[in-house]
Amino acid sequence: MSYNPSEIEAKWQNKWDDEKAFEPDDALTRKKKYILSMFPFPSGRLHMGHVRNYAIGDAFARYYRKQNFNVLHPIGWDAFGMPAENAAIKHGRHPKDWTYSNIDYMRKELNALGLSFSKTREFATCDELYTKWEQEFIIKMFEEKLLYRESTTVNWCEDCHTVLANEQVEEGCCWRCDNEVQLKEMPGYYLDIIKYADELLDDLKLLEGKWPNQVITMQSNWIGKSQGLEFDFELSEASKAKLGGNFDKYTVFTTRPDTIYGVTYSALAAEHPITKYLLEHGQLDEDVAQKITHIANMTERERAQADKEGYALGLTVIHPLTNEEIPVWTANFVLASYGGGAVMAVPAHDERDFEFASKYELPIKRVISGGEELPYTLEGELIDSAAFTGLGNYQAKAKIIAMFEETGFGKGTTNFKLRNWGVSRQRYWGAPIPFVHCKSCGLVPEKIENLPIALPEDVEITGEGNPLENHPTWKNCACPKCGEDAIRETDTLDTFVQSSWYQFRYATNPKKWETTGIDKEEANYWLGVDQYIGGIEHAILHLLYARFFTKVLRDLGYHDIDEPFENLLTQGMVLMDGAKMSKSKGNTVDPDALVEKYGADTARLFTLFAAPPAKELEWNDSAVEGAFRFIKKLYDRKDKVTQNTLPDIDQGSLGKESKLARVKVYEALQKSSDVYEKTFAFNTLIAACMEALNALDKQDDGAVWSEGMYIMLNLLEPIIPHVATELSEVLFERKNLQAVLEVKEEVFVQESVLYVVMIGGKKRTEIEMSPSATQDEILAAAKEAGAKWLEGMSIVKEIVVPNKLVNLAVKPS
RNA sequence: GCGUCAGUGGUGGAACGGUAGACACGCUACCUUGAGGGGGUAGUGCCCUAGUGGUGUGGAGGUUCAAAUCCUCUCUGACGCACCA
C-alpha cells in the first residue's frame, strides 16, 4: 500500500484523542518539562508562522515525553483585542461570537497538524473565569500600591481610539495600525514596573546563554538604567519673585557630575511646571510663548527630528558650587518624561548642549582635558574645577557625588528610561478594570466576591467611543464601600495583561480553575517554562511584561518563581520571495491547503528542515515536494524490516555497506539529544536521518534495516508523528517509541581508518591505517604516500590528529 | 549615531580550530514509462594547459602545523533603540 497521509493522520489524531495521550500527570512526582509555544490570537485562520511555532514546540514536547518526562504542553487563545471589535464594526457580529467561532475553527486546524497539546487545559483569555482571577490580581496590586490612577500625557491612537503604552509605540506610530501617535492628557491606570526595574535588569543575568543575546540586550537597553547625581538649582531672588514665590528651586539629573564646573546654562522641558507657569501667567513675549506652546504640542519623535530650538526664560539659577548666576532656557531636546524634565548644560562636554550653545551663542567652558576639539566627551583629567582639578574624571564623579551627599545639596541616584506601564484602554473587548468611582469614597476596588466584573453582552459596537460608556445599567452601580450610587470604570485592561500570566494558569490543574487563579504548589513544580518558543517581535513587549508580572505575583504570594521562561527560542519569520508573508502582499501559503495536499507530516517536516528555527524561513514549493518524497520513501521501506524488535547484530558478519549504514543510524541517534537540548538544529537531525536512510538503501541486510527503522522512527516521531507512529505500530507495536535508546559504541569501531595527509597545510592524499597503528607507523605511511610533495623539502613539524589526519609542515631544504 | 546578529555554490543551508559545501532544492545527461507524473543511475563551487593542478567561505591583515571558525581593522545587510542629560 502506498503512503496515504490523510488516512494515517486522521486515524492517529482520533486515537490520540481516545487515549488522552497528551495530558500531564496530576501527580507532581516525575521529572517535568514545560514546553510552551506562544499562544495565538484567534484571528480566524492559522498562518505559516503558527505552523512553524507549533511544529517546533511539538517536537520538543514529544521528544521529552519519550525521555520519560512529565510534559506540560498546553495551548490557549489570546482572545481579547481590537480585531474582534473591528470585525464587529465591519460585519455586525458580536466580538464574543466572532472570537469563539474563530477559536472553534482554528482549534480544528491545530488538530489537523497533529499537535500534542493537552486538551483539558485549554482556555481563552476572554473566558469569564480567566477575567475573574486577573481582576483579583489587579485589585491586590492596587492594594499594594503597584497599580495607581493618574492623569498624564499619554500616547493616543486616533485610529484605534485608545491609549498606548510606551512599548506599543514603534517609530512614533501605533504598533497595531501604524497610525501616527498623538499626545493627549488623560487619566489612566498604571502599573509600577519601574519599582521592579532593577530586578528586571539584574535577573537578565540569569537568562544569559538561555535566551538569545539580542533579546537580553534589547531588554537591558529598554530598561535603560543610568546612574548619576540629582541636585537642586536654587532660583535667584529675582527669579523667585518673577515666579510669584511659587517656586524656589528645581531638580536636575546628570550622569556627568564630573563636568559640573563646566555648566554654563540650564534647560527645562516645554512641559516643565516652571515653563508652564510662565506661559500661563503671560510672563513671556507673545511670539516666544507661541513657539514654546508649539514645541509642547509636538511628539517626542517630531522633536527628535527637528533642529535644536530654545528660548531664554528670563530666569537665573545659582550654581551650587561656584555660586555663579546661570541663565535658564527652555529647549526642545529636554524630555519631560526623563530626569525631571530639567538639565544642567555643559556644552564643552556634551554634544547636544554644545550644538544648542553654539546656535544661541551661550558660553562654553572646558573642564575636562583631552582631545583638541569641543565637545570632548571622553575620559580625561579635570581642569578649572576647584578642589577637584587634576583628578581623573571617573574618580571625580564619585567624589563630587559624595560631596553633594555630605553637604545635603544632592544625592547619587538612578534613572531609568523605562516608563510605568499604562494598562487602561478605552475599548470594549477587554477585561474590565474592576474599579468604581464613588463621589464620597473616590476610587474603590470591587469586592473580591463580586468578581468577575464581566462585560455586558447587549452592546452596540459602532466604532464611535467606548460602548461601555453608553450602557447605563452596567455603568451605573453601587459603591462597594458605602453603597451609594457610583459609576463603574469603563476602561478595560491592555491585552498584554492577559498574556503576562497565562503561563501560570496552564500550570494550575483545571480541576481547580473555579476556585483558584494560580495554584502555588503546581506553579512551583511546573515553572519556569523549560522551553518557550515564539516570535522575536515580542522581545520587549510581552516578554518584559510577563517577567514583571511573574515577579509581582511572586511578591503577592501566588508562587515562588523568579523568572517565567527558563529557555527562549525566538523563531524567524516565514518569508515568500524574500518578504514576510502577509495577506496585503498576497504572498501567503494557506496551511489548510498544504495539509490537504501533502499532509501535516510534510508541512511539519518542511518547516523544520528548510532552515534552523531561529532563522528566517524562505518558502519553497519544490522543497515541500522534497519533504514529501522523503516521507514516502521512508514509508515504502517498511517492507525491508524483518524483525519486530531491536535486533542483536553481529557486527563482524556484516558487509561494508551494512556497517556504514549502522554508523549513519547511530550518528543520527547521537545527534538527537544535542539537537533537542542544545543546538535546536532540527534541520541537521533530519539531514542525519536522510543520510541514514540513503545508507540503509545501499545494503540489504534485514536485521540492519530493522534496527535502522526502529531507531529512525523513534527519532522522527517528534517531527512527523503520524507516519512515524503508524509505521512503529505496524512494524514494532510502538515498542520503539517507548524505549529510551542507547548508542552502541561498537558500531563506530572500524577495521581501518582513513587519514588525510596534508603537506604544508594542503590536502595531498589519503592513507588507510589500522586503528591500532602507532603514531610512528602513521607518520611513516604518510611520508611514503606523500613522497612526491616532499621532494626537495625538509619536514619541520609533524602533527597527527587521531583518526583524522596527518599534517607535515615543510620548508624548502 | 549606538547596540545585537549575520555575510559560505544557482537556491535553502552543513561543517568540536582538523578533508569546506553534509542534507535538500534546482539543473544536466542517460535509463524506465505511450506521454505527463513518478522512479533509478551518474554529474554539478570557480579557473585552466584537465592534473594526485590551481583557487575558493564579503575585503585586508594577524595568531596557528592547520582558520568559514580565534584576534584586529574594514565593507555590506537585517533587526532593535534613538536628543534618556
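Order of the sequence lines fixes the chain letters, A, B, ..., with proteins taken first and strands second; residue numbering starts at 1 for each chain.
Comparing the same atom, P, in B:rU63 and in B:rG13 gives a spacing of 34 Å after rounding to whole Å. Taking atom P on both B:rU64 and B:rC5, the two are 27 Å apart, rounded to the nearest angstrom. B:rA60 and B:rG9 have their P atoms separated by 15 Å, given to the nearest Å. B:rC25 and B:rU76: their P atoms are spaced 37 Å apart (whole Å). The C1' atoms of B:rC83 and B:rG77 are separated by 27 Å, rounded to the nearest whole Å. Comparing B:rU19 with B:rA29, their C1' atoms are spaced 29 Å from each other, to the whole Å. Between B:rA24 and B:rG51, the two P atoms lie 29 Å apart (nearest whole Å). With both ends at atom P, the span from B:rC48 to B:rG10 equals 15 Å, rounded to whole Å.
Within the 4.0 angstrom heavy-atom criterion, no nucleotide atom of any strand lies near A:V252. At the heavy-atom level, A:F609 lies under 4.0 Å from base atoms of the strands shown. Using a 4.0 Å heavy-atom criterion, one finds that A:A809 contacts the sugar-phosphate atoms exclusively. Contacts of A:A306 with the nucleic acid, taken as non-hydrogen atoms under 4.0 Å apart, include base atoms. Backbone-only contact: A:K615 has heavy atoms under 4.0 Å from sugar-phosphate atoms and none from a base. A:E618 comes within contact range of no nucleotide atom at all, as no heavy-atom separation falls under 4.0 Å. Among the protein residues, A:A304 comes within range of the nucleic acid bases, having at least one heavy atom under 4.0 Å from a base atom. Nucleic acid contact for A:T765: none, since no nucleic acid atom lies under 4.0 Å from a heavy atom of the residue. Contact annotation for A:P212: no contact, since no heavy-atom pair falls under 4.0 Å across all strands. Using a 4.0 Å heavy-atom criterion, one finds that A:G224 contacts no nucleic acid atom at all. Within the 4.0 angstrom heavy-atom criterion, only backbone atoms of the sugar-phosphate kind lie near A:N620; the bases stay farther away. Nucleic acid contact for A:E616: sugar-phosphate only, since backbone atoms but no base atoms lie under 4.0 Å from a heavy atom of the residue. Among the heavy atoms of the strands lying under 4.0 Å from A:K762 are primed sugar atoms or P, OP1, OP2 only; no base atom is included.
Within the structure, every side-chain polar atom (N or O) of A:K763 is placed at least 4.0 Å from both OP1 and OP2 of B:rA66. Applying the 4.0 Å criterion to OP1 and OP2 of B:rG18, one finds that A:K804 has every side-chain N and O outside that range. Neither OP1 nor OP2 of B:rU4 sits under 4.0 Å from any side-chain N or O of A:N221. The phosphate of B:rC23 (OP1 or OP2) has no side-chain N or O of A:N694 nearer than 4.0 angstrom. For A:R764 and B:rG54, the shortest distance from a side-chain N or O to OP1 or OP2 is below 4.0 Å. For A:S226, a side-chain nitrogen or oxygen approaches OP1 or OP2 of B:rA85 to under 4.0 Å.
The distance from the CD1 atom of A:I401 to the CZ atom of A:F231 is 11.5 Å, given to the nearest 0.5 Å. Interatomic distance, A:M218 CE to A:I540 CD1, rounded to the nearest 0.5 Å: 4.5 Å.
Taking atom CG on A:N803 and atom P on B:rC16, their separation rounds to 17 Å, with Å as the unit. Atom CE of A:M793 is separated from atom C1' of B:rC65 by 15 Å (rounded to the nearest Å). Whole-Å rounding puts the A:I536 CD1 to B:rC5 P distance at 12 Å. Computed from coordinates, the A:R352 CZ to B:rG1 C1' distance equals 12 Å when rounded to whole Å. Rounded to whole Å, atom P of B:rU19 lies 16 Å from atom CG of A:L808. Going from atom CE of A:M218 over to atom C1' of B:rC81 covers 8 Å, rounded to whole Å.
Taking the nucleotide of RNA chain B with the nearest heavy atom to each of A:I799 and A:K633, the more 5' of the two is matched to A:K633. For the pair A:S622 and A:E355, both in contact range of RNA chain B, the more 5′-proximal nearest nucleotide belongs to A:S622.
A donor-acceptor contact under 3.5 Å links the side chain of A:K308 to the base of B:rC83.
Heavy atoms from other residues, nucleotides or ligands lying under 6.0 Å from NZ of A:K633 number more than 12.
The nucleotide whose nearest atom lies closest to any side-chain atom of A:W222 is, among B:rU4, B:rA85, B:rA82, B:rA82. When each of B:rG80, B:rU52, B:rC25 is scored by its nearest atom to the side-chain atoms of A:R629, the top-ranked nucleotide is B:rC25. Closest to the side chain of A:V334, out of B:rC84, B:rA85, B:rG18, is B:rA85. Which of B:rU4, B:rA66, B:rC83 sits closest to the side chain of A:T217 comes down to B:rU4.
In this structure a side-chain-to-backbone donor-acceptor pair under 3.5 Å is present from A:Q699 to A:L696.
Remark: of the listed residues A:Y196, A:W421, A:W222, A:W421 is the sole one forming a ring pair (Phe, Tyr, Trp, His ring centres under 6.0 Å) with A:Y545.
For B:rG9, the base adopts the syn conformation, since its glycosidic angle falls within 90 degrees of zero.
Geometrically, A:K308 does not engage A:F356 in a cation-pi contact defined by less than 6.0 Å to the ring centre and at most 45° from the axis. Geometrically, A:K632 does not engage A:F630 in a cation-pi contact, judged by NZ or CZ lying under 6.0 Å from the ring centre and within 45° of the ring axis. Geometrically, A:R303 does not engage A:F333 in a cation-pi contact defined by less than 6.0 Å to the ring centre and at most 45° from the axis.
Checked for salt-bridge contact, A:R256 and A:D350 miss the test: no charged N lies under 4.0 Å from a carboxylate O.
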